[in-house]
Amino acid sequence: MLQALLLTAGAAAAYSLPNSNGAPPLAQKCGPSSSKIVCMHKYASVMPYHFYREPSNGKDPGSGNFASTNVSDPSFAQVADADIIVYDEAAFKILGDKPSVKKMFEIEKKGHEAPVYVPSMGKIFFGEPAAPAPLHQFVIDLNKEPPTLKPYTFDPPIYAPNGATISKGKLYWAQSGGSKNLEGGHLEARPGIVAADPKTGKSETILNNFYGYYFNQINDLVVDSKGDIWFTDPQYAWFSNLSDTPPRLQPSTYRFRPSTGAVSIVDDTCRQPNGIAISADEKTMYIADSGSVNGDVSDSVQAMSGTTFNGTTVGRTIYAYDILKGKFLANKRPIYVAQDWIPDGIKVATNGYLVTGAGLGVDVIDPEEGTVVMRIQTDYPVQNLAFAGKDRKQLWMVGVGGVTRVNWELEGVKLE
Ligand SMILES: *[C@@H]1O[C@H](CO)[C@@H](O)[C@H](O)[C@H]1NC(C)=O
Ligand SMILES: *[C@@H]1O[C@H](CO)[C@@H](O)[C@H](O)[C@H]1NC(C)=O
Ligand SMILES: *[C@@H]1O[C@H](CO)[C@@H](O)[C@H](O)[C@H]1NC(C)=O
């Protein structure tokens, strides 16, 4: 179709969105030819009648997604097939001349989370927090071409980590599951935070309770420059059979100071707080509320009752908060609502953009404008992501059944 219009050799800046002369199609091929990219005309904000989008079936993150919208404009069919959907011209700057989206590994069709890049080793670790969760994690070696994937077990093992980050050479894992009977009763683990040395594999639990209560499901975390750890505690472990005990605490976000052991609440207004990210200047915190995916927390309901997505309820929103005195969160404001499914992990780029897993792909968000700049699509649900590579210009996306690498010009904030 109308591809030539935007194809100018050379600098990425030469690309632009379709203009509004005439009656442009909703979707057009655009940008560098290294990927299947489509540009949406003005966010498809006016669709020709008749159009209709089915709601999600509540179970499958891909069902009823934006690409499945039934529109009479035939150009829209390209959306389902695209690797990248561009909404805003700013996307061309971050895509560069040769963006690529490549599925690197097919993995088990279960949840995968907590990818963390260790620059000094050139390796990415990630976990499988989905029942029955193994006691090993995985490691991708980027020093090999093509990169390799292997299981990896820490000592002692870490159970069902759902989030991870690195600070001063140490890994911090959000252990999301709780069980008295791991390894045939030889090992007990509770939702908490586990610090680990990626070089020796030695791990150490640094938090496992709130005044004696088990946490519900520590989901994701960030470490600030003072060493305080901010983490979310939603309730998914119970519905997904990763916990032998129903939730005891309201879904909340906390700040933990390892040097004193103090845990302080910083937010209790999200239905299910999930991904968390801190801006590079440490002035803003971002929390994804994924409460549109929810389950029954009552003690009487058996574990593994599962979850359902309901798009008409609040809970597929990323909120920004001001960080006050380096300790508290204030001025909560919504900056993004997922077009598909719910926002999961969030990571921050050096230009301030956010990348979040949402349904079959990730959205790139300009938080200063509250707009989605572009989307990358996958054929499996993306749950969490990490910037990696020497220049941190690779994005690695893990989820239910796959690991995908994106090469582009968007650079992740340095974590090491
Ligand atoms: C989808 O669009 C076609 C063509 O406009 C129409 O015939 C069909 O009824 C639509 N289906 C739904 C579910 O809206
Ligand atoms: C939940 O997990 C327990 C222990 O890991 C297992 O015995 C049980 O069969 C699981 N329940 C379901 C419904 O999968
Ligand atoms: C979604 O939630 C709304 C509001 O709570 C409720 O009325 C509706 O029945 C729910 N839909 C489904 C499919 O569960």
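Quick note: numbers below take in every heavy atom, side chains included, and nothing from hydrogens, waters or symmetry partners. Counting starts at 1 for both ligands and their atoms, in listed order.
- Scanning for side chain to side chain contact (heavy atoms under 4.5 Å, CB included) contacts around Lys414 gives Arg392, Glu416, with sequence neighbours left out.
- With 3.5 Å as the limit, one finds a donor-acceptor pair spanning the side chains of Tyr336 and Asp363.
- Every ring-ring contact (aromatic ring centres under 6.0 Å, His included) that Phe309 has, sequence neighbours left out, goes to Trp341.
- Each of Tyr159, Trp173, Phe138 was compared with Phe154 under the ring-ring contact (aromatic ring centres under 6.0 Å, His included) criterion, and only Trp173 meets it.
- For a heavy-atom separation below 4.0 Å, the residues in contact with ligand 3 are Asn310, Thr312, Thr313.
- For Tyr236, the side chain to side chain donor-acceptor pair (under 3.5 Å) test picks out Ser290, with sequence neighbours left out.
- The environment of OH in Tyr213 is sparse: at most 12 heavy-atom neighbours from other residues, nucleotides or ligands sit within 6.0 Å.
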